[in-house]
Amino acid sequence: MSSLWRETSKSEPRERLQGEIKTDTAVIGAGLCGILTAYELTRRGIDCVVLEADRIGSGVTGDTTAKITAQHGLIYGRLISQFGKEQAAQYAAANSLAIGRYRRIIESNSIDCDFSEQPNYVYTLEDTEKIENEVKAAKDLEIDAEYVAETTLPFPVKAAVRFNNQASFHPLKFLYSLAENLTVYENTRVVNVEDHTVTTDSGSVEAQKVVFACHYPFINVPGYYFLRMHQQRSYVIALEGADLVDGMYRDENSDGLSLRNYNNFLIFSKGDHRTGKNEKGGFYRTLEEKAAELYPGCRVAYRWSAQDAQSEDMVPYIGKYSATTPDWFVATGFNKWGMTTSMVSSVILSDMIEGRFSPYSEVFSPQRFKPAAGAMKFAQDVKEAAVNLFKQGFTLPDAKLNDVQPNEARIVEHEEAKVGVYKDPGGNVHMINTRCSHLGCQLAWNADDLAWECPCHGSRFDIEGKVLNGPAIKDVSITEN
Ligand SMILES: Cc1cc2nc3c(=O)[nH]c(=O)nc-3n(C[C@H](O)[C@H](O)[C@H](O)COP(=O)(O)OP(=O)(O)OC[C@H]3O[C@@H](n4cnc5c(N)ncnc54)[C@H](O)[C@@H]3O)c2cc1C
Ligand code: FES
């Protein structure tokens, strides 16, 4: 089943890139970040094209919960102690201003995307002190925040922080509409970038500047983003017949609930796991049991899952891709808060591309991370090691295949190779090479999503080995005899 957003919106297909073209800026990725950045650049008179491996909005943006808020968990107390008050204030101001920018873009372009202003709450079931501290930190940063002792949720909470004047919308209606006047090439996967040449699987682009808005950067060296981010996967359901909420809610505990309305649906989510760590499954079941307990008689209308890149310090990387690539830019590591941080990225990156001072850029600078020399050598070694052991015409003996039951997946060893075997309910066998095509880690099965996942940096592949999510850009398919 796909997301509520995908089921209730559509976009016209775009052409694939053919041949060689030239532009001022090539933006890689047509998710929220790429489209907002291309929109802002175009608005400022900079010529740009967007290159999208699949369709517009086919990534995380189509599977989000789409709360537009500067309240990213209980973050502000931690930001002040970790980055200092000045940089914490940059983070707060940039994300708060992003909400107003949405309002202005939606109004000035008459975008019909169900944008609705409402408060956002982060609550706790445990300890009022952490809420008190967060309210104080937020007020110190001039955020319109309040301590709340009670909410209208169908269970008691200890306390909550309320941020006023936040918002929600339908992310794909917004995205498709904003992309209408932009040049976007779909089904065009970028496979390499060298200096100013962006090579895709169907053509190439010469660009003065390149923006990596592809969710998880796939150029490993320089940049070393794979050393600083992993991915966390969450499961979401949209309920009919459940009581609606009077705002947007999130438990401060990452195992807790997230709730918001969309029309008469309650969008309900709970917990997450590191991508590649869900071999037994059960996340949808837990979610549906919790929904039935809180809202007896409710019906699951849609269910879906998605993942986001998590930076080590929980602050996104927005800015120069690396110190040695002055014309490459990146926005990644949104930590499941990419609605406002995509907007922040579009402004910071447009300022940088225009050579203007950006008042909010320091806290997000990717150059705050310095990989150790040993880690850099490791990266090169692993890169060399990630070769495909499989030749064309690989066969797995029947005896080994018979061990796998219908509706089961297993990793089977044969001739020094590890093969991921999934037998579907009809008994058909689907095989993949379990060595991730990104940097060679061992893939693991996700029993909820029927997909192969990499625990290292979160690449995902379907049962035939086709890339579902990067940073991998090559499939892990096996051609049988
Ligand atoms: C379950 C869940 C709930 C969330 N809820 C919220 C929320 O309520 N509020 C909030 O602020 N954030 C939320 N987030 C986070 C938010 O959805 C994401 O941070 C945001 O959508 C990321 O946008 P993006 O443009 O960076 O990535 P994407 O939408 O993934 O776009 C990247 C695009 O790049 C393309 N691409 C990748 N590689 C290549 C390549 N080599 N060549 C060409 N194209 C390529 C992909 O196909 C994709 O379309 C949530 C995330 C999850 C997982
Ligand atoms: S995603 Fe990096 S090794 Fe698999």
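Source: prediction; values computed, not measured. First listed ligand is number 1; within each ligand, the first listed atom is number 1.
Looking from atom 3 (S) of ligand 2 to the surrounding protein, the closest heavy atom is Leu439 N, 3.2 Å. Scanning the protein for heavy atoms near atom 1 (S) of ligand 2, the closest one is Ser459 OG, 3.1 Å.
Residue-level contacts of ligand 1 at the 4.0 Å heavy-atom threshold are Ile28, Gly29, Ala30, Gly31, Leu32, Cys33, Leu51, Glu52, Ala53, Ser58, Gly59, Val60, Thr61, Asp63, Thr64, Thr65, Ala66, Lys67, Thr188, Arg189, Val190, Ala213, Cys214, His215, Phe218, Ser234, Val236, Ala306, Gln307, Asp308, Phe334, Lys336, Trp337, Gly338, Met339, Ile473.
In terms of heavy-atom proximity, Met314 sits nearest to Tyr91 at O-OH, 4.4 Å.
Tyr284 has its side chain out of reach of Val300: every pair of non-hydrogen atoms, C-beta onward, lies at least 4.5 Å apart. You'll find the side chain of Tyr317 stays beyond 4.5 Å of the side chain of Pro217, heavy atoms only. Side-chain contact between Phe163 and Ser96 is absent, with no heavy-atom pair separated by less than 4.5 Å.
Under the 3.5 Å distance criterion, with hydrogens and angles disregarded, a donor-acceptor pair is assigned to the side chains of Ser116 and Gln118. For the residue pair Ser234 and Lys336, a side-chain donor N or O sits within less than 3.5 Å of a side-chain acceptor on the partner. For Thr325 and Ser322, the side-chain atoms include at least one donor-acceptor pair closer than 3.5 Å. Under the 3.5 Å distance criterion, with hydrogens and angles disregarded, a donor-acceptor pair is assigned to the side chains of Asn335 and Ser311.
Against a heavy-atom cut-off of under 4.0 Å, His438 is close to the following atoms of ligand 2: 1 (S), 2 (Fe), 3 (S), 4 (Fe). Near Cys441, meaning under 4.0 Å from any of its heavy atoms, are these atoms of ligand 2: 3 (S). Within the listing of ligand 2, atoms 1 (S), 3 (S), 4 (Fe) sit less than 4.0 angstrom from a heavy atom of Cys436.
When distances from atom 2 (Fe) of ligand 2 to the N, O or S atoms of His457 are compared, ND1 comes out shortest.
Contact annotation for Cys454 and ligand 2: only side-chain heavy atoms (C-beta onward) come within less than 4.0 Å of the ligand.
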Where do Tyr422 and Leu450 land on the side-chain contact (heavy atoms from CB on, under 4.5 Å) test, with the steps shown first? CA-CA 9 Å; Tyr422 168 62; Leu450 307 186; 3.7 Å; yes
